[in-house]
Amino acid sequence: MPPAVLTERPIAKSKSMPCPLIDLDTVVHDLIATGGPMPEDYTAVNLQLRVLGDAVREGSLKRADVLAYARDMTARNFLGTMQSQALERKYGYSGDFEIIDAIYRMQTSPLPNLTRWDLFFHAQAAPMAVRNRKSYFQTLLDAHLADVPKGRPLRVLNVASGPARDLREWLLENPRADVFIDCIDADVHAIDHARRLCAPFASKVEFHHRNALRFLPSKGYDLVWSAGLFDYLMDRSFVFLLKSLMAVTRPGGEIVVGNFSDFNPSRDYMELLGDWVLNHRSAEHVSGLGREAGAPPDHIRVGWEPQGVNLFLHVRR
């Protein structure tokens, strides 16, 4: 059944509620009445989200109040959408493997009154960047496979491997690749999901249900990749884990870790309506953390996906 359409608007009726929330609520309900946002509506919604974010940053509006509104509005109108899935935190954390996989696949609700809202979600800069980082990893695999000496496999460590759809797609395109990949994830549900996806390649991929801050396989890797873990870490843990990854990378190998950059037009949407909070960092910041971990400056570079939202710290051993 489609969710009930909200006929009463308690947020907008409350005169004590700050204007930015009332304005967003008005825009949302106007779009609900017309079947959801069309691409030409995206700018107006994003503008209201930016106004909301500015109000939180200046202290005239509490983030907790915005999240309470988001949960109420989502429960009344958007059950089964990407918005609902983001807020649910089904496995106890934002950005779980299911939502990442749904972003990769651009999952949309089959209900006509919700499909446009999912398309709006996927059109945001952050989900686009997540899809781009999948391609970024696959390109890295291609490059390192071409460089590995003949006669031995390319050894890869994938830290916080999530759904592993990126690996499945690459292996389907490269079934004869001489490669062995260790995947680590702290979520057993993610491991089970990824193992099923990659079942046809069980001889090439091994999964480890472990916390990467406490356990790493002790092998000499040619490529170490971590797409979506480091922007959950504080600086001290970032440096600690990077040091550990450098220690299991062979001389001449490469560590590549992703981090949301401080240019993220979707940040207000993520944090205020999705309760998805990350440590956004600049290129200079992640480069400095690389040096703090012991990497020589000339072994460090920063790459970007096309949106400029996800950056990637490259460290050569």
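As the structure is a computational prediction, the values presented were derived from the model and not from experiment. The analysis underlying the following values was restricted to heavy atoms, covering all of them including side chains, and did not include hydrogens, waters or symmetry mates.
- Residues that satisfy the salt bridge (charged side-chain N to carboxylate O under 4.0 Å, His left out) test with Glu169, not counting sequence neighbours, are Lys134.
- Here salt bridge (Lys or Arg N to Asp or Glu O under 4.0 Å) pairs that include residues 81-96, with residues two or more places apart or in two chains, are Arg89-Asp275, Lys90-Glu98.
- Applying the salt bridge (charged side-chain N to carboxylate O under 4.0 Å, His left out) test to Arg210 and every residue at least two apart in sequence or in another chain returns nothing.
- Residues meeting the salt bridge (charged side-chain N to carboxylate O under 4.0 Å, His left out) test with Arg267, sequence neighbours left out: Glu271.
- Residues forming a salt bridge (charged side-chain N to carboxylate O under 4.0 Å, His left out) with Arg281 (at least two apart in sequence, or on another chain): Asp235.
- The side chain to side chain donor-acceptor pair (under 3.5 Å) search around Glu58 returns Ser60, not counting sequence neighbours.
- With sequence neighbours excluded, the residues that form a side chain to side chain donor-acceptor pair (under 3.5 Å) with Asp54 are Arg50, Arg57.
- For residues 190-207, the set of pairs meeting the side-chain hydrogen bond (donor to acceptor under 3.5 Å, both in side chains) definition, not counting sequence neighbours, comprises Asp101-His193.
- Pairs engaging residues 179-188 under the side-chain hydrogen bond (donor to acceptor under 3.5 Å, both in side chains) rule: Tyr93-Asp187, Asp182-His208, Asp182-Lys219, Asp182-Tyr221 [sequence neighbours left out].
- Under the side chain to side chain donor-acceptor pair (under 3.5 Å) criterion, Trp117 pairs with no residue, sequence neighbours left out.
- The salt bridge (Lys or Arg N to Asp or Glu O under 4.0 Å) analysis of residues 220-229, with sequence neighbours excluded, yields the pairs Arg152-Asp222, Asp222-Arg250.
- Partners of Tyr232 under the side chain to side chain donor-acceptor pair (under 3.5 Å) rule, at least two apart in sequence or in another chain, are Trp276.
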